[in-house]
Amino acid sequence: MAELILPLDQPSQRDALALVDDLGEAVDFYKVGLELFTREGPSVVRALHGRGKRVFLDLKLLDIPNTVARAARAAADLDVELLTLHATGGRAMMEAAAEAVASTSRRTRLLAVTVLTSFTPDGLGETWGRSIHEVGEEVTRLARLARECGIHGVVSSAHEVARLRAALGPDALLVTPGIRLAGGAAHDQARVATPDRAVRDGADYLVVGRAITAARDRPAALAQVLELMGAPA
Ligand code: C5P
C-alpha cells in the first residue's frame with residue numbers, strides 16, 4: 001500500500017509544528033528539507049518523533065565518500081526513516097553511505113536523487129559536457145547504479161515511476177513528489193500526476209504538499225488524496 005509523506009516546507013520549527021498539529025492523526029510521515037533543517041537542525045526531527053511522527057530527511061547529500069558516510073551515519077543516529085543523497089556522487093560515495101547506514105542497525109533507508117527535475121536536457125548537457133538526448137535515460141542509468149551500490153530506492157518525478165519500476169523491479173522504493181489533484185493548481189511543478197496515477201505506476205510513497213496544505217479545505221483535500229491512493233482515510 002502506498003503511503004503519504006507531507007513536506008514541511010516551512011521556514012521555522014514553530015510554523016512546521018503548527019501544520020503538523022493542525023493535520024493531527026491523519027498524517028504520520030513528514031519530509032524535512034534543507035531550509036528547515038538548516039534553520040532548526042536535529043531539534044525539528046526530535047520534535048516530530050516526540051509527536052510520534054516518522055521523518056524523511058531530504059538533505060540530498062553529495063561530497064567525498066567519507067564525508068557522506070559520516071553524515072549518513074549521523075542522520076541514521078537521529079533515527080530518520082528515509083534519507084536522500086545524490087547518485088551523481090558515484091559508486092564509492094553511495095557504497096560508503098549504504099555501509100555506514102547498515103552498520104547502525106537503525107531503520108534508515110537511503111534514497112538516490114538522480115537528475116534534478118529542474119534540469120532541461122540542454123542544462124544537463126552543459127553541466128556534464130556532453131549532449132543529452134533524453135534525461136529519462138540518464139535517470140534510469142543512475143537509478144540502476146544506485147541500486148547496485150546498496151541504495152534502497154529513488155526519488156523521481158511521477159512521469160518516471162512506471163519506467164523505473166520496470167527497470168528496478170519490485171524491491172526498489174520509489175518516492176514521488178509533484179502530485180496534484182485533477183484540476184488543481186500545478187504551482188511551480190512542471191511534471192505533475194494525480195495520486196491514483198502515481199500509485200498505479202508503482203510509487204511506494206507520494207510526497208504531497210500544496211495539493212493539501214494550500215487547499216481551502218485541508219481535511220477534505222487530504223481525504224481525497226488518501227482515497228485516490230487507496231489508503232484508509
Ligand atoms: O507542494 P508540493 O507538493 O509541490 O511539494 C513537493 C515537495 O517535494 C517539496 O518539498 C519539494 O521541494 C519536493 N520535491 C519536488 N520535486 C522534486 C524533488 C523534490 O517537488 N523533483
Side-chain angles (χ1 to χ4, degrees), residues 2-13 15-16 19-20 22-23 26-27 29-40 44-45 48 53-62 80-88 110-121 123-124 127 135-136 138-140 142-143 146 151 153-164 173-199 201 203-216 218 221-222 224-226 228-229:
E3 293 185 77
L4 172 76
I5 300 176
L6 199 122
L8 292 173
D9 293 320
Q10 275 72 27
S12 72
Q13 178 164 323
D15 293 338
L19 175 62
V20 171
D22 182 44
L23 293 167
V27 179
F29 209 159
Y30 286 93
K31 180 168 87 70
V32 174
L34 282 173
E35 182 187 6
L36 187 57
F37 196 73
T38 302
R39 286 199 189 278
E40 306 285 2
V44 68
V45 175
L48 286 165
K53 305 301 181 187
R54 303 155 71 192
V55 178
F56 169 10
L57 193 54
D58 188 15
L59 297 184
K60 298 188 177 68
L61 302 174
L62 175 64
V80 300
E81 214 163 305
L82 297 171
L83 172 70
T84 46
L85 45 63
H86 275 281
T88 47
L110 290 165
L111 299 172
V113 173
T114 57
V115 178
L116 294 171
T117 49
S118 48
F119 268 120
T120 61
L124 195 61
T127 307
V135 174
E138 307 296 334
V139 168
T140 307
L142 288 166
I151 303 302
V154 179
V155 182
S156 83
S157 100
H159 289 228
E160 270 137 17
V161 171
R163 178 177 180 155
L164 285 170
L173 288 180
L174 298 183
V175 178
T176 306
I179 302 295
R180 293 292 179 271
L181 290 166
H187 303 110
D188 55 353
Q189 297 280 10
R191 313 188 74 202
V192 299
T194 56
D196 44 326
R197 151 109 193 258
V199 171
D201 283 352
D204 297 297
Y205 294 97
L206 308 192
V207 178
V208 190
R210 286 164 294 181
I212 295 169
T213 57
R216 245 176 305 153
R218 276 184 187 164
L222 174 59
Q224 198 184 347
V225 168
L226 290 172
L228 288 166
M229 289 172 65

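Whatever order the structure lists ligands and atoms in, that order sets their numbers, starting from 1.
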For Arg210, side-chain contact (heavy atoms from CB on, under 4.5 Å) partners two or more places apart:
Arg180, His187, Asp188, Gln189, Thr213, Ala214

Which atoms form the tightest heavy-atom contact between Ile179 and Ala211, and what is the distance?
O-CB, 3.8 Å

Val208 and Val225: which non-hydrogen atoms are nearest, and at how many Å?
CG2-CG1, 4.2 Å

Short list, please: which atoms of ligand 1 are under 4.0 Å from a heavy atom of Val207?
7 (C), 8 (O)

At a 4.0 Å threshold, what atoms of ligand 1 neighbour a non-hydrogen atom of Arg210?
1 (O), 2 (P), 3 (O), 4 (O)

Just checking, any donor-acceptor pair under 3.5 angstrom between side chains of Ser12 and Arg39?
no

Nearest-contact summary for atom 6 (C) of ligand 1 - protein heavy atom, Å:
Gln189 NE2, 3.9 Å

When you measure from atom 19 (C) of ligand 1 to every protein heavy atom, which one gives the shortest distance, and what is it?
Pro177 CG, 3.8 Å

Using a heavy-atom cut-off of under 4.0 Å, does the side chain or the backbone of His187 touch ligand 1, or both, or neither?
neither

Considering Asp9, Val208, Thr117, which one's heavy-atom position lies nearest to atom 9 (C) of ligand 1?
Asp9

Stepwise salt bridge (charged side-chain N to carboxylate O under 4.0 Å, His left out) test for Glu3 and Arg54:
CA-CA 12 Å; Glu3 293 185 77; Arg54 303 155 71 192; 2.6 Å; yes

Is it the case that ligand 1 has an N or O less than 3.5 angstrom from some N or O of Asp58?
no

